[in-house]
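Notes for the one structure printed next.
Every chain is numbered from 1, with letters handed out A, B, ... down the list of sequences. Atom set for the values below is all heavy atoms of this structure, side chains included, hydrogens, waters and symmetry mates excluded.
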2 protein chains.
Amino acid sequence: MRLTTRGRYAVTAMLDLALHSEQGPVCVNAIARRQDISAAYLERLFRALRDRGLVCSTRGARGGYELCRCAGEISVADIMAAVDEPLDATRCASARNRLTCELWSGLTQHVRDYLENVTLAQLCRGDSPPGTAAGVSKS
Amino acid sequence: MRLTTRGRYAVTAMLDLALHSEQGPVCVNAIARRQDISAAYLERLFRALRDRGLVCSTRGARGGYELCRCAGEISVADIMAAVDEPLDATRCASARNRLTCELWSGLTQHVRDYLENVTLAQLCRGDSPPGTAAGVSKS
DNA sequence: GCAAACCCGACTATTCAAGTCGGGATTTTA
DNA sequence: TAAAATCCCGACTTGAATAGTCGGGTTTGC
């Protein structure tokens, strides 16, 4: 498990896209400028997002990217999976580590539960994700 | 946030220690053999664990390491902190990313909550950590 | 005195992260 | 019809960090 700029930037870019989606396709350069992220790097992330079906692309002048699904149907976990940001903490090289293996599996599930429970739409609204002081935990 | 061998090996080693603690100080080589981990690398991890007060060392022949506190008082989070395995997912370079900042802050808290809630004693008993299928979530 | 075992700072090779490059293809606009 | 805007793509580079090593010192028990 690790959290690198791939995951962060992907979520940031998708959020930017969601916030500007009513204006038609958003080009990579605009997002890069708004978020102060390398456009070339961002482009590679968008490639992955497109391949995973989270965004659609429009080529040519006035081209760019748009969400393929509505923001309420895209979770942070989806985005992370798209850019291959590993959430899996489990690495059971041998059976001797069953006890710790269960620990890491549990952690993995815990993280997934959290990220699967946060959608782009919630991020747009500024809804506090569950587990923060402002967001009261629900069942 | 990332999970590397430092964290994994430290938890594995502490667990091994806890399971063998009634036999007096456990030497690094014994743990290294049982867990198939480089002894030299393990030694560096134990240095950090000792400095953080999680284990005590005994030099000389028949020396080794022992837990400084009982297993029920040492959480996985303590171990991770000792070997400097970063759990913090937050990286708010600028205020423009408040929305995602809260996301990562929430994730960090979520992970901390989980790891702080698992002690070495529970791992020893094979108690499923909370959140896994076998462990029913409690309040 | 030797072996076992901790102690410590410094070092190395490999992997991966973060980003770049160079050019092709498509679409719109003037 | 050419230029500009923008996606498309495989390959590449540099620096940081990981995983582990090294070499020798010190302590303790036998």
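Ring geometry for B/Y41 versus B/Y9: interplanar angle over 60°, hence perpendicular rather than tilted (30 to 60°).
A donor-acceptor contact shorter than 3.5 Å links the side chain of B/R6 to the backbone of B/V83. For A/Q122 (side chain) and A/T119 (main-chain N/O), a donor-acceptor pair under 3.5 Å exists by modelled atom type. For the pair B/T5 (side chain) and B/R8 (backbone), a donor-acceptor distance under 3.5 Å is absent.
Note: CG (A/D51) to C1' (D/dG10) measures 13 Å, nearest angstrom. The CZ atom of B/R2 sits 16 Å away from the P atom of C/dT15 (whole-angstrom rounding). Distance A/L3 CG to C/dA17 P: 12 Å, rounded to the nearest Å.
Sorted by first and then second residue, the pairs that involve residues 57-91 of chain A and meet ring-ring contact (aromatic ring centres under 6.0 Å, His included), not counting sequence neighbours, are A/F46-A/Y65.
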From CA spacing to verdict: side chain to side chain contact (heavy atoms under 4.5 Å, CB included), B/N117, B/Y114: CA-CA 5 Å; B/N117 203 30; B/Y114 181 84; 5.9 Å; no
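For the segment residues 58-70 of chain B, residues with any heavy atom less than 4.0 angstrom from an atom of DNA chain D are, sorted by number, B/R59, B/G60, B/A61, B/R62. Residues from residues 4-32 of chain A that place a heavy atom under 4.0 Å from any atom of DNA chain C, listed by number: A/T4, A/T5, A/R6, A/Y9. Of all the residues in residues 39-47 of chain A, A/A40, A/Y41, A/R44 reach under 4.0 Å from DNA chain C with at least one non-hydrogen atom.
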Exercise answer: donor-acceptor pairs, residues 20-30 of chain B side-chain atoms, under 3.5 Å, sequence neighbours excluded:
from	atom 1	to	atom 2	distance (Å)
B/H20	ND1	B/D16	O	2.7
B/H20	ND1	B/D16	OD1	3.3
B/S21	OG	B/A18	O	3.2

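For the side chain to side chain donor-acceptor pair (under 3.5 Å) test, residues two or more places apart in sequence or in another chain that qualify with B/S75 are B/D78.
Applying the 6.0 Å contact sphere to CZ of A/R62 captures no more than 12 heavy atoms from other residues, nucleotides or ligands.
Applying the side chain to side chain contact (heavy atoms under 4.5 Å, CB included) test between B/M14 and each of B/L123, B/L67, B/I31, B/V76 identifies B/L67 as the sole match. The only member of B/L17, B/T12, B/L19 that meets side chain to side chain contact (heavy atoms under 4.5 Å, CB included) when paired with B/L15 is B/L19.
Phosphate contact (OP1/OP2 of D/dC9, side-chain N/O of A/R50, threshold under 4.0 Å): present. An OP1 or OP2 oxygen of D/dC8 is reached within less than 4.0 angstrom by a side-chain nitrogen or oxygen of A/S57.
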